[in-house]
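Please read the structure below before turning to the comments.
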Amino acid sequence: MNKINRIKSSLIDTKKEINFIFNDKKYIGFKGDTLGSALLANNVKLIGRSFKYHRPRGIISHGSEEPNGLVEVINDHYNEPNTKITTVELYEGLRAKSQNCWPSVKYDLMSINNKLSNFITAGFYYKTFMWPSSFWEKIYEPLIRKAAGLGSLSLSNSSRNSEKGFLHCDVLIIGSGPSGLVSAYIAGLSGARVILVEEDFIFGGSLNSETFTISDMPAQDWVKFIIKELNKLTNVKLMKKTEIIGMFDHGIFGAVEKNKYKKIDQIFWKITTKKTLLCSGSTERLIPFQNNDLPGIMLSNSIRSFVNRWGVKSFKKVLLFTNNDDAYSTAMNLIDNEINCIGIVDTRDNPKNVNPKINVYTSSQVINAHGNLKLKSVDIINSEGKIINVECDFLGVSGGWNPNIHISCHTGVKPEWNNKILAFTPGKNNISTHLETAGSANGKFTLNECFCDSEIKIVQILSELKIKPKKFVIPMIEKDTFNIDPFWFVESGKKRKWVDLQNDVTVNDIEIAYNENFRSVEHLKRYTTLGMGTDQGKTANVTGLAILAHLSNKLIPEVGTTIFRPPYVPVSLDAIVGSATYKNYKPIRLTPTHNWAEANGASFTESGLWLRAEWYSQKNEKNWRETVDREVNSVRNSVGFCDVSTLGKIDIQGRDAQDFINKIYSNGFAKLPIGKVRYGLMLREDGLVMDDGTTARMSEDHFIMTTTTINAESVYRHLEFCHQCLWPEMDVHLISTTDAWAQIAIAGPNSRKIISKIVDSEFDISNENFPFMACKELTICSGIKARLFRISFSGELAYELSIPTQYASSLVSYLMEVGKNEKIIPYGTEALGVMRIEKGHAAGAELNGTISALNLNMDKMVSTKKESIGMILSKREGLRLPDGLRLIGLKPIDPKTQLTSGSHLFNENDNRKPENDIGYVTSSCYSPTLKSYIALAFLKNGTERFGEKIKVSNPILKKETTAEICNPIFVDENGDRLRG
Amino acid sequence: MSYNIFKIIREGLRGNKGWKKTWRNPNIKKKYDVIIIGGGGHGLATAFYLAKEFNIKNIAVLEKNWIGGGNVGRNTTIIRSNYLLNENEAFYEFSLRLWESLEKQINYNAMVSQRGVLNIFHSDAQKDSFIRRGNSMIINGADAELYDVNKIKSIYPFLDYENSRFPIKGGLYQKRGGTVRHDAVAWGYAHAADKLGVDIIQNCEVNNFKFKSGACLGVETNKGFIKANKVGCAVAGSTSLLLSKADMTLPIESHVLQAFVSESIKPIIPGVITFGAGHFYISQSDKGGLVFGGDIDGYNSYAQRGNLDTLEDVCESGLALMPTISKARLLRMWGGIMDMSMDGSPIIDKTHIKGLYMNAGWCYGGFKATPASGWCFAHLIAKNYSHSLSENFKLDRFKNGYMIDEKGQGAQPNLH
Amino acid sequence: MIINHPLLGPRDLNEFIYYGDASLLKRPKWDDKNAEDKFYKYLYLRKNIAGIHKELWFHQQGDRSWLVVTRNTKNHEIIKVELATEVVKGLDKQYEQNK
């Protein structure tokens, strides 16, 4: 482990050493390093293997465009695959390893693919592996899948601490390079609420990689100065290490911030902004030539960046290859730092303003690279057509620049081609004026242009926001030009020329695709996988497009462009979910008696978001069935209670409340007397059953409606729709009181005894004065306000008692006390379900959204004499089939044979064909009352077939049995018990 | 040209210069027997089966952009036949059978991969409805198994069995379900149809129909008028717009459905898996990307993009099922326009205009239906009456009350 | 998306639940001659407009207003947001005047 010398840089603190491990070897970097810069400074060139051919690859860039430098970062509890070494800030103890190689990055056995490359070009798999067809899953595909994928996920479930948050601002500025800084400063001084986001761990963008001076300060210092000024402004929020995921409708941005706040590792921000200025800069592109993927071949500005920002000294003999002016800055920076810059190979014949210190090969091209695992030399073809071999350890390539326009495309705006800079710039956003672009993201490739463009754009934005812009003197720098000639790829040579380095797409692949008629950009992309890698085509897409244009003899804009989609950079899924994980995935709703139930041995079951007690086991009980049987028997023979607070409760008041309810329910409600409850059937407008429940009339203009648990919200929404959208003239007021009132069902022959012990003595609840379907507001337990309903789901003499939620827990304790003699028990949803099946009441399994009143044998409950929702369309032929489904009961011939829900029904002599399928079982249980399994089912023409036998078929559970068709009301058909 | 391993070797040795066009770029004829509007999966499949099974040769497929650019090129690649209602199950099982023999039929490897589809359930009520569904599948000749938690653990050991908000109670498994390389379906059908003489015409947008006394005479396009005896529309999310030119108002809304893909990672997910306590389904492609999705955004849209809330919802549901993927990174998200019908089931029918046929309302189930949809639509166009498997997918079923509503949600497309 | 609620100001999409085309406000009369046909058309047929679309949203996590939102389905731009009750009253007035 040697200490590595560095060039001096204000952004690398050589006093602060950082130890890290790569591929099991220890290295030292410094504060300010990325994993990429530290590895490069340590002369580590070989980082990983490419996706398809397992070619050796090294780092080519210094930012989020990196296609090659991908590693697995190993943490104590999990791995993070496909991590770009160019974006990871180095930290003490960082561990990383190469991926997609075995046994090691140097000796990778899968590189056999490289030898076979002629046979596995773009789209080869579409043309073979077809015979025999069973071999695809068994042999071919497993082989392909074995080779697939880059890094691997660790199978650990450990998580980072993530949170979500919301931010609002007037102007969101994306990117803190020259344009972002100037714009943020002007907007901040002018008093706008500004958020400036930067993906890097320092602000400054490209300025951190430059050595020129701005306002008499070195660029890096000017950045620090502006940031210091911005920090003074309380209306400006600076966010580094923050990646914008994308732009969504109406100025909403998703962003992930990776700054640590105490225990929080990352925050997913939803930023809502009035205006946005995109200052995301631009990315240099490569020029494909033979073997242009060897480690050591990099982007020209990245070499500059590694020298100037990170002080990397590893470059010994550097050659540059360009079609534009930018590489000349790199050359000068190398020369200034006494690094051997052999020269610039320029495709142009007459580059202007060349510093005499630079050796230039004009009208020349780099046509081939040599080396094994790293670059040794390149072949140059010079202006005279002579091929020269030049030794070098690094080649910096500049094929021009692509503005980082990605985010501007996120709301569907197509980019526009700019022929002067040979690149796409953001299209005119005719949809919304949320987003403007400035600086090199807008195709302004000189610093002076960037500054000017930023000022114009931010002033325009401020004036649209009606904020008076403050004056700010825009700094100017000397000598600032950008000229480029079109040169997209080197034509000569038959070896592979790499366009997309991650997905191993070559010029030849694009040619094949073109020849096979994959000529639309989208076809090209999909056929060759060009631009589909983790770099999202940042370095490859435009070059690929240019090659396609060349092949089809068209101009680039004629060939088209692809719209970039979110996210701008890949974002880990745990960042997006925040803390909504594991038990916190969805909120849990607890019933008012939950704690009591828990203390009294209840097991719980999910019912939507609710947890409900499903049964209360006693010590001696061997299984849940025994418990449920006991609960049912207790209720049927004495008394029990059950928390039914989860039922939806809607308070309906107003002069027109009665008429309103009469239109909501299909059955008549026009003449419900005060103090009475009625069962109501609610249809959807399409005539099928939406929900059912009871509605009680408490006074002339006050009703209380109950809904099923699952439909509480949707029924309430439906009522509001009917009121606000259909009949706003009606005097009706609706409020959901589900959470305000607890409701306890008290059922069984002894229930009146219990109720009379708790209801205050002035209220008469005798059978004569409080008969079945009566309701009353009264007080219990010496003055506690309550509502009593004499309704029954179990079929027994029963009540539902409604009390303010806070009393529920005391009430049930008290019930246990006053019911001691009657051996009162609490019962759960399972016993509730058994009793309702015994009574043939339809519930969720029957009200499945495809069922009509006729199917439920409730045709008479749809009055055609009045207006109600759903009545008209319930008359349609398909809903009125005379031999359609009917709700029936089923009893197995052998009472001990279970009838399972989900079974299909067939006539005894029919075989199991779809055309013979005549019904299905909806609910089933063991009935302790009948001492037999029973079931509810829908059967074609079923009510006409009581007493007949039917085949109950459950092939998926390999079960089949015979049952007798019967009345779905198994217990107390005439309802004597509930009236008793 | 036909494809096989020998061609690949020959071309490999000759520098891959000899590959011919997968489909031609033909000149447009003045008149066709049948014009199919829409060069997506369904349109191309229809053209292929018209030529192959129904012996009609003079066919054109008109595509306004590039073929395969609609939903066949932007879905989550799943095939399955695990429906509840017999009308649907029979049709989708037919489709699955066609998938199984597709590659031989079209001489193109669309990578039909029967890796198994597992629908997880989390409650007894859900279990009951999956049993009913599984039984429908078996009754219709499909395969279905009910898995308990231990069986699920054996294929997906990394699901959250300990800490989940909605514990996993079991699953409905269809072994024959799986995935297909979606783009290749369009290309493969195009390749095979083209070989049978079908003209595939890209960048040809239909602007209007030409009618005379209640019959369709052809289509007006950006490349001029093209005469046709019969015209079939298979334009998915654009159906309402196209058929408004024939004065039709349809039981269809266009909605956006988003899909997501992660960075490529080494294989961990063998098949397709769906979450039962939220909207989430996932598979892993042969390239290693996790391909996943959830619910539609839920509002009418013709923009091929959605909003952030759906992304959050899908990721939350995904991580609730399998926290293991939390360190995978989302690479791309995109939206497609779904033709959501009023009962969640498709429409393959004639229209009130003679010679004009429609194929629409696929909601987000269109991809797996591609072969059967093409076959049944071809049957309808060729014979002028419905194939027995699609005779319930009629337009008038809403008027007459014969909805095919798998989910029982009623006349609200965004709930299907 | 942000919906600018006429009473409560700009609100995030996730507070709302979508229903559908605002033509659902124009429910036919139940005692009309061709009521069944009219109800069928009312409930099932949609213009499914690509462009300016009037549609119903419910402020579920808010004040429980039903809103009529005028929105461009091609780019999601929202042009107008009204209370459904106000729109219906306007429709009724129109109807009376046309009579």
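Proteins get letters first, then strands, A, B, ... in listed order; numbering begins at 1 in each. Side chains are part of it too, since the values below use all heavy atoms of this structure and drop only hydrogens, waters and symmetry mates.
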Between [Y] and [X], does any NZ, NE, NH1 or NH2 come within less than 4.0 Å of an OD or OE carboxylate oxygen?
X	Y	answer
B:D396	A:R876	no
B:E316	A:K164	yes
B:D160	A:K583	no

- Taking A:R145 for the side chain and B:Q284 for the main chain, is one N or O donor matched with an acceptor at less than 3.5 Å? yes
Got a second to check how far [X]'s [atom1] is from [Y]'s [atom2], nearest 0.5 Å?
X	Y	atom1	atom2	result
A:N517	B:H191	CG	NE2	12.5 Å
A:N911	B:I139	CG	CD1	11.0 Å
B:I268	A:L153	CD1	CG	5.0 Å
A:E522	B:R74	CD	CZ	7.5 Å

- Note on the structure: Minimal heavy-atom distance between A:S520 and B:W66, with the atoms involved, is OG-CG, 3.5 Å
- Between B:W23 and A:F518, is the ring centre distance below 6.0 Å?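 Between A:F518 and B:W23, which both carry aromatic rings, the centre distance is below 6.0 Å.
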- Message: For A:F129 and B:Y3, I'd like to know if the aromatic rings sit close, meaning centre-to-centre distance below 6.0 Å.
- Response: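 Judged by ring-centre distance (under 6.0 Å), A:F129 and B:Y3 do not meet the cut-off.
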Contact winner vs chain B - [options], heavy-atom pairs under 4.5 Å:
options	result
A:I956, A:T922, A:N79, A:N584	A:I956
A:D686, A:I512, A:I144	A:I512
A:Y514, A:F248, A:Y126	A:Y126

Beyond-backbone contact of [X] with [Y], side-chain heavy atoms, under 4.5 angstrom:
X	Y	value
A:Y582	B:E162	no
B:K287	A:M532	yes
B:S123	A:E606	no
B:M403	A:L879	yes
A:L150	B:I265	no
B:S317	A:Y585	yes

- Checking side-chain hydrogen bond (donor to acceptor under 3.5 Å, both in side chains) against B:R329, which of A:N82, A:T534, A:T83 comes through?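 Answer after filtering A:N82, A:T534, A:T83: A:T83.
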- Message: Do B:R132 and A:Y920 form a cation-pi contact, if we require the NZ or CZ to be under 6.0 Å from the six-membered ring centre and within 45 degrees of the ring's axis?
- Response: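 Ring-cation test returns yes.
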- Item | Flag for B:N16-A:N508: side-chain donor and acceptor within less than 3.5 Å | no
- Message: When you compare the side chains of B:N107 and A:K127, does any donor N or O come within less than 3.5 Å of an acceptor on the partner?
- Response: no
